[in-house]
**Student:** 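Take this structure first; my questions come after.
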Amino acid sequence: MKAFVERIPLKGRPVLRPVEPAPAAGASSRLDLYAIMTLLLLLVYPSSYWYVRIPLTVLCVSAFVFSALRFDPRFWFVTAMVVMAGNYQNWFIVDNHKYLLGYWCLALFCCLLTEAPEKTLAQIARKLIAFSFLFAVFWKIASHDFLNSTFFHYALLLDDRFRGVSELLGGMTNELMDANRTAYRALLNFDSKIDTVQLLFTRGITYLARIVTWWTLLIELLVAVSFLWPLGKSISRWRDFFLIVFILSTYSVAPVLGFGWTLIIMGLVQCENRYRYVRWLYMAAFVVLQIYNLPFRAILGADSP
Amino acid sequence: MNRKQARLRALVWGSPILLCAIACLQIFLAMTKSLSPWKGGGFGMFSTVDSPDARFLRIYLVNGSEETAVLLPDNLKTLGRELQTIPSTALASDLAQRLARGTWTPYRMTDPVRHYQNTQTGNDNETLAGVAGPSDTTSLNGNSADVVKTLPDGQVVFPKLLRMRERGSAASKGEEAVAFQRVRVEVWKYNLDVGASQLKAAKFLEATADAQP
């Protein structure tokens, strides 16, 4: 408490007045917050490979116990190498956000080697978000079945993560979804001889697939461009808004929470101090992501026979 | 630019450049080696139906004109996944050779209670239920009389559902190996034809390997 108050003589009587923490202390406490959020991400969404999960758990717990480790570049180098070694070993299985997590741990290592770690980390975070979205947009444009909305037709009909949306907004019934699932299994069963199965869907699915297709492309393009744009100019000022809208809209449908959390940490790191409410929006997005993960179908009884 | 600035620039750009390098490599592999856009660090997830799950394997034991479809054993699932993600004739051939080296026998399952009672009376047999059984998304074609036999000791045998035993591992009592001449591994891909409302699969590649004597 002593550090945050000072005695100011006022008409001969000393009074206590809160003072702003020194910039250096503020920066290090924010850096600590980012480090803690990253450690929690590593712990809460662990790798499925024991040779990655166990070393990371030991590293993370050590860094919680010994806070100095969180500011030690060697710690983050080892953490990044463990994540990346796991990705390298299983490169054909791991999801893209595990790659992003590896780059992020490397970013923490790099920033701690500079004189202004928080500023450096913000610069790296902006670049990582920009490039990951740029490649995501590239794939959506280069793909032969995205722009014609075939992919989202498929996802809405056969990906269980989209089932709630298909039923709520696409007009699909349980019976139609189950019939499609049965057809899918018939095609993929190990002793199947068939090469074509019929799927059933409503007109609502067609409209929904088109809307989701163009929305996804638009919001990802806006995030990529706004994060690539020079800081403080034009569309760059809207980048946090676009990223938060992307997180809230995308992960409401496809709850890849590890990816969402990584983006939230990077968004928090790079957002500018002058927009304090933006930090709260990122934190709110984090809470909303957890709410998205609630088993709504089970709660509402949609899964019961 | 002095040395300090160059160092700072390297630290700021190191991680993003690594991201771009791996993503460019992923694009190259996807364009030239059929790597699924979903995998490999190129951020192509949710951009196409062509995920590793849309590429599936059909595996047959061939004996003359007879073909028996088999499941991929658990110990080869990682190789199978790699084949689905970045299919190549070399990988398919490797998988076929490993499958051809194994001994294939019908699944046998025993009720755990019965198995316990048999161990008490010395009439022991391997319990396979829940150990290497097919997944819940797998089912057998044909009527039940063709696909299930119940033995006097309570074991249920699935003559059409084969499992691979590694070469050298001990056989269960009464277990008979299925004869075959070669193994054929097929990689299939499906696509959605929205106009026809159909999921259409086509064979992408195949490889065969002769059974080891």
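Chain identifiers are assigned alphabetically (A, B, ...) following the order of the sequence lines, protein sequences preceding nucleic acid strands; residue numbering begins at 1 within each chain.
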**Student:** Tell me, do Leu188(A) and Tyr190(B) make a side-chain contact under 4.5 Å, heavy atoms counted?
**Tutor:**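 They are in contact (side-chain heavy atoms under 4.5 Å apart), so the answer is yes.
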**Student:** Checking Arg58(B) side chain against Asn189(A) main chain: does a donor-acceptor pair fall under 3.5 Å?
**Tutor:**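 It does not hold such a pair.
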**Student:** Could you look at His144(A) and say if it's the side chain, the backbone, both or neither that has a heavy atom under 4.5 Å from chain B?
**Tutor:**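 Only the side chain of His144(A) comes within 4.5 Å of chain B.
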**Student:** With a 6.0 Å cut-off (strictly less than), is the heavy-atom count around OH of Tyr45(A), excluding the residue itself, greater than 12?
**Tutor:**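 It does: Tyr45(A) OH has more than 12 such atoms within range.
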**Student:** Where do Gln198(A) and Ala196(B) come nearest, in terms of heavy atoms and distance?
**Tutor:**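 Looks like NE2-O, 3.0 Å.
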**Student:** For chain B, which candidate among Phe135(A), Tyr184(A), Phe109(A), Trp104(A) shows the most heavy-atom pairs at distances under 4.5 Å?
**Tutor:**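 The residue among Phe135(A), Tyr184(A), Phe109(A), Trp104(A) with the greatest pair count is Phe135(A).
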**Student:** Tell me whether Lys39(B) forms a cation-pi arrangement with Trp91(A), defined as NZ or CZ under 6.0 Å from the six-membered ring centre and within 45 degrees of its axis.
**Tutor:**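 Cation-pi check for Lys39(B) and Trp91(A): fails.
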**Student:** Pick from Val12(B), Leu35(B), Leu8(B): which one has the most heavy-atom pairs with chain A under 4.5 Å?
**Tutor:**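 Looking at each of Val12(B), Leu35(B), Leu8(B) in turn, Val12(B) comes out on top.
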**Student:** Is Lys4(B) close to chain A through its backbone or its side chain, or both, or neither, when contacts mean heavy atoms under 4.5 Å?
**Tutor:**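 Side chain of Lys4(B) only, per the 4.5 Å heavy-atom cut-off to chain A.
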**Student:** Less than 4.5 Å to any heavy atom of chain A: does that hold for the side chain of Trp38(B), its backbone, both, or neither?
**Tutor:**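 For Trp38(B), heavy atoms of backbone and side chain both lie under 4.5 Å from chain A.
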**Student:** The test is side-chain contact (heavy atoms from CB on, under 4.5 Å); show your working for Met84(A) and Leu18(B) and say whether it passes.
**Tutor:** CA-CA 11 Å; Met84(A) 287 180 173; Leu18(B) 185 62; 3.5 Å; yes
**Student:** Measuring from Ile194(A):CD1 to Leu199(B):CG, what's the distance to the nearest 0.5 Å?
**Tutor:**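 Result: 10.0 Å between the selected atoms.
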**Student:** Measure the spacing between OG1 of Thr213(A) and CZ of Phe46(B) and express it to the nearest 0.5 Å.
**Tutor:**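 It is 13.0 Å, given to the nearest 0.5 Å.
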**Student:** Give, as side chain, backbone, both or neither, the part of Ser47(B) having an atom under 4.5 angstrom from any heavy atom of chain A.
**Tutor:**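 For Ser47(B), backbone and side chain are both near chain A.
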**Student:** Given side chains that start at C-beta, do those of Ile124(A) and Trp13(B) come closer than 4.5 Å, heavy atoms only?
**Tutor:**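 They are not in side-chain contact.
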**Student:** Counting C-beta onward and ignoring hydrogens, is there a side-chain heavy-atom pair between Leu72(B) and Phe190(A) closer than 4.5 Å?
**Tutor:**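 The answer is no, as the side chains (C-beta and beyond) never meet within the 4.5 Å cut-off.
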**Student:** Could you tell me whether the side chain of Thr48(B) reaches within less than 4.5 Å of the side chain of Lys140(A), counting heavy atoms only?
**Tutor:**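 They are not in contact (no side-chain heavy atoms under 4.5 Å apart), so the answer is no.
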**Student:** Mind checking the CG-CG spacing from Asp145(A) to Asp50(B)? Nearest 0.5 Å is all I need.
**Tutor:**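 The CG atom of Asp145(A) sits 7.5 Å away from the CG atom of Asp50(B).
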**Student:** Taking side chain as everything from C-beta outward and backbone as N, CA, C, O, which of these in Thr68(B) sits under 4.5 Å from a heavy atom of chain A? Side chain, backbone, both or neither.
**Tutor:**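 Contact with chain A involves no heavy atom of Thr68(B) at all.
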**Student:** Side chain, backbone, both or neither: which part of Asn87(A) has a heavy atom under 4.5 Å from chain B?
**Tutor:**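 Interface part for Asn87(A): neither.
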**Student:** Report, as yes or no, whether the 6.0 Å neighbourhood of atom OH on Tyr207(A) holds more than 12 heavy atoms from other residues, nucleotides or ligands.
**Tutor:**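 Check fails, neighbour count at 12 or below.
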**Student:** Counting heavy-atom pairs under 4.5 Å to chain B, which of Asn90(A), Ile93(A), Thr120(A) comes out on top?
**Tutor:**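 Of the options given, most contacts go to Ile93(A).
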**Student:** Is chain A contacted by the side chain of Ile86(B), its backbone, both, or neither, given a heavy-atom distance below 4.5 Å?
**Tutor:**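 Contact with chain A is through the side chain of Ile86(B) alone.
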**Student:** In terms of heavy-atom pairs under 4.5 Å, which option from Leu192(B), Val49(B), Val194(B) contacts chain A the most?
**Tutor:**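 Ranked by heavy-atom pairs under 4.5 Å with chain A, first place is Val49(B).
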**Student:** Which one, Ser143(A), Ser132(A), Ala136(A), Ala107(A), leads in non-hydrogen pairs under 4.5 Å with chain B?
**Tutor:**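 Winner by heavy-atom pair count: Ser132(A).
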**Student:** Quick check for you: among Leu106(A), Thr216(A), Val137(A), Thr150(A), which has the greatest number of heavy-atom pairs under 4.5 Å with chain B?
**Tutor:**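 Max contact count across the listed options: Thr150(A).
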**Student:** Where on Leu57(B) is there a heavy atom nearer than 4.5 Å to chain A: the side chain, the backbone, both, or neither?
**Tutor:**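 Contact with chain A: none, neither part.
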**Student:** Side chain from CB out, backbone as N, CA, C, O: work out which of these in Arg161(A) comes under 4.5 Å of a heavy atom of chain B, or both, or neither.
**Tutor:**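 Contact with chain B: side chain only.
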**Student:** Top residue by heavy-atom pair count (under 4.5 Å) with chain A, among Pro16(B), Ser197(B), Ala69(B)?
**Tutor:**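 Among the listed options, the one with the most contacts to chain A is Ser197(B).
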**Student:** Can you tell me which portion of Asp193(B) sits under 4.5 Å from chain A's heavy atoms? Options are side chain, backbone, both or neither.
**Tutor:**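 Asp193(B) has no heavy atom closer than 4.5 Å to chain A.
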**Student:** Are any of the side-chain heavy atoms of Trp188(B) and Leu187(A) separated by less than 4.5 Å?
**Tutor:**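 Not touching, per the 4.5 Å side-chain cut-off.
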**Student:** So which part of Phe131(A) gets closer than 4.5 Å to some heavy atom of chain B, the side chain, the backbone, both or neither?
**Tutor:**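 Contact with chain B: backbone and side chain both.
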**Student:** Taking the side chain as every heavy atom from C-beta outward, state whether Phe259(A) and Met45(B) have any atom pair closer than 4.5 Å.
**Tutor:**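 They are in side-chain contact.
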**Student:** Under 4.5 Å from any heavy atom of chain A, what part of Ala10(B) do you find: side chain, backbone, both or neither?
**Tutor:**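 For Ala10(B), there is no contact with chain A at all, as no heavy atom is under 4.5 Å.
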**Student:** Non-hydrogen atoms of chain B under 4.5 Å away: do they reach the side chain of Leu147(A), the backbone, both or neither?
**Tutor:**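 Nothing of Leu147(A), per the 4.5 Å heavy-atom cut-off to chain B.
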**Student:** Between OH of Tyr99(A) and CD1 of Ile22(B), what distance do you get to the nearest 0.5 Å?
**Tutor:**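 Rounded to the nearest 0.5 Å, the OH-CD1 separation comes to 7.0 Å.
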**Student:** Could you grab the distance from atom CG of Leu83(B) to atom CZ of Phe92(A), nearest 0.5 Å is fine?
**Tutor:**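 So the gap between those two atoms works out to 10.5 Å.
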**Student:** Could you measure the distance from the OH atom of Tyr103(A) to the CD1 atom of Ile17(B)? Nearest 0.5 Å is fine.
**Tutor:**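 Here the rounded value is 12.5 Å.
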**Student:** Tell me, do Leu11(B) and Cys111(A) make a side-chain contact under 4.5 Å, heavy atoms counted?
**Tutor:**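 Leu11(B) vs Cys111(A): side chains apart.
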**Student:** Measure Leu19(B) against the heavy atoms of chain A and call it side chain, backbone, both or neither at under 4.5 Å.
**Tutor:**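 For Leu19(B), the contact with chain A is made by backbone and side chain together.
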**Student:** Evaluate the criterion side-chain contact (heavy atoms from CB on, under 4.5 Å) for residue pair Phe43(B) and Leu100(A); output intermediate values, then yes/no.
**Tutor:** CA-CA 9 Å; Phe43(B) 299 95; Leu100(A) 194 58; 4.3 Å; yes
**Student:** Is it the case that the side chain of Asn96(A) and the backbone of Gly41(B) share a donor-acceptor pair, with hydrogens and angles ignored and the cut-off at 3.5 Å?
**Tutor:**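 Side chain of Asn96(A) to backbone of Gly41(B), a donor-acceptor pair under 3.5 Å: yes, one is there.
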**Student:** Which residue out of Lys200(B), Lys203(B), Gln26(B), Gln198(B) racks up the most heavy-atom pairs below 4.5 Å with chain A?
**Tutor:**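 Going by pairs under 4.5 Å, I would pick Gln198(B).
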